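Have a look at the structure below, then the notes.
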Number of protein chains: 2
Amino acid sequence: MEVLVPFSADRPKSRLADALSPSERAAFVRTMLADVLAAIDDAGGDPLLLATEAFDPTDEPTVPLDPPVAVDDRPLTDAVNALLAERRPGDGTDPVAIVMADLAIATPESFRELFAVGRETGVAIAPGRGGGTNALVVSRPEFRVDYHGASYLDHREIATDAGLSVETIDSHRLATDVDEPGDLAEVLIHGEGRAATWLRETGFALDASGGRVAAVRK
Amino acid sequence: MEVLVPFSADRPKSRLADALSPSERAAFVRTMLADVLAAIDDAGGDPLLLATEAFDPTDEPTVPLDPPVAVDDRPLTDAVNALLAERRPGDGTDPVAIVMADLAIATPESFRELFAVGRETGVAIAPGRGGGTNALVVSRPEFRVDYHGASYLDHREIATDAGLSVETIDSHRLATDVDEPGDLAEVLIHGEGRAATWLRETGFALDASGGRVAAVRK
């Protein structure tokens, strides 16, 4: 299954600014991307990097895979919809998945489950915490994405309005996109890849002195 | 399967203080409890309310089920371990589950999965966001809980040290305990029961103007 992985090499995650410097954020998002690509590959997916600007993953020492790269500087929704219009999933062709590049604790097993459910339904959605759409499998050519706002609910509605069957993937690993300092604790708790190693090497450790366990820097 | 549901009728959730008044918090936790009890019941579990003080669930208009109640005013870890010592799960007896009362978006399906995995392994753990233990199935008499700190990691270690097999349940619904204002959005997005209805009737709605979708009060 082709798996689109949108990636903004030029726009580091500003909501992590309290925890990481701009150059650290740029390095950290690459470790997450590497983990996501490796897990997709292990799960039998064929990643296509959908980058906002020219980007050679093999230039990045932390990204060992060498997926094809499509460059599209339009907003995420437009770029993904252009590819869906081109691929026409389900129209005699395989489903297409769209997976965010910051799912740092996703495992091959969680992607295998996503792909398996996606093959059996019109649209399979793994919601993110906060109502986003962290991963999606589209098996019908008439479906289009809209990543603005509470896109999980919007995508359910778009699919239902188009008469498509919808399945929700109930996975903490797929629901955890790493956007805010609070998300870093999830990487330290559950992560097994480069992102978790990078955080530890950068001085982050779990701190259980507050309510929920947090990632703090020494 | 017997399912212990710890519940503090007297200690409303202080981390929700910015969103709800004390009396609202007391009402809201009861709607969550009712949803959790109903989902456990639908999944074939037999809930036992483990309350910190005498508490009659039938006094609560929002709690339609009438589970047995065990009162134990000790800290959570001690109260649960006392019951585990008494029940000796796996010693010729059924496994015992422990499920938090604030899993407001848990569904019968998520509990069925938990119970099924729990029957097949020594200890099954559904981690909460932030490293807690939101739900647990204990199938061996030698296991004891320790809810302090990052209990998910501690419980894995306790089980492994005791030579028990451990399985992690990867579920966003079971990972979502409702402790902080940010968690209320999950209830509005995914909840289908009394807690979601109560939030809407209390004036909460989703607001997508920030980064992640939030629950805001009108």
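These numbers come from a predicted model, not from an experiment. For the numbers below, each heavy atom of this structure counts, side chains included, while hydrogens, waters and symmetry mates do not. Chain identifiers are assigned alphabetically (A, B, ...) following the order of the sequence lines, protein sequences preceding nucleic acid strands; residue numbering begins at 1 within each chain.
- Annotation: maximal heavy-atom pairing with chain B below 4.5 Å, among A:L188, A:T168, A:D183, occurs at A:D183.
- When heavy atoms are compared at a cutoff of 4.5 Å, B:A185 does not approach chain A at all.
- When only modelled atom types and interatomic distance are considered, A:S171 and B:D170 share a side-chain donor-acceptor pair under 3.5 Å.
- A:I189 touches chain B through backbone and side chain together, each having a heavy atom under 4.5 Å away.
- Between A:E113 and A:R173 there is no salt bridge, since no side-chain nitrogen of the basic residue lies less than 4.0 Å from a carboxylate oxygen of the acidic one.
- A distance-only check finds no donor-acceptor pair linking the side chain of B:S151 to the backbone of B:D154 [under 3.5 Å].
- With a 4.5 angstrom heavy-atom cutoff, A:H148 does not touch chain B via any of its atoms.
- With respect to the salt-bridge test (charged N to carboxylate O, under 4.0 angstrom), the residues A:E186 and A:R129 do not qualify.
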Verdict with supporting geometry, A:M1 and A:D46, side chain to side chain contact (heavy atoms under 4.5 Å, CB included): CA-CA 6 Å; A:M1 187 183 300; A:D46 300 313; over 6 Å; no
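- Contacts between A:D179 and chain B at a heavy-atom distance below 4.5 Å involve backbone atoms as well as side-chain atoms.
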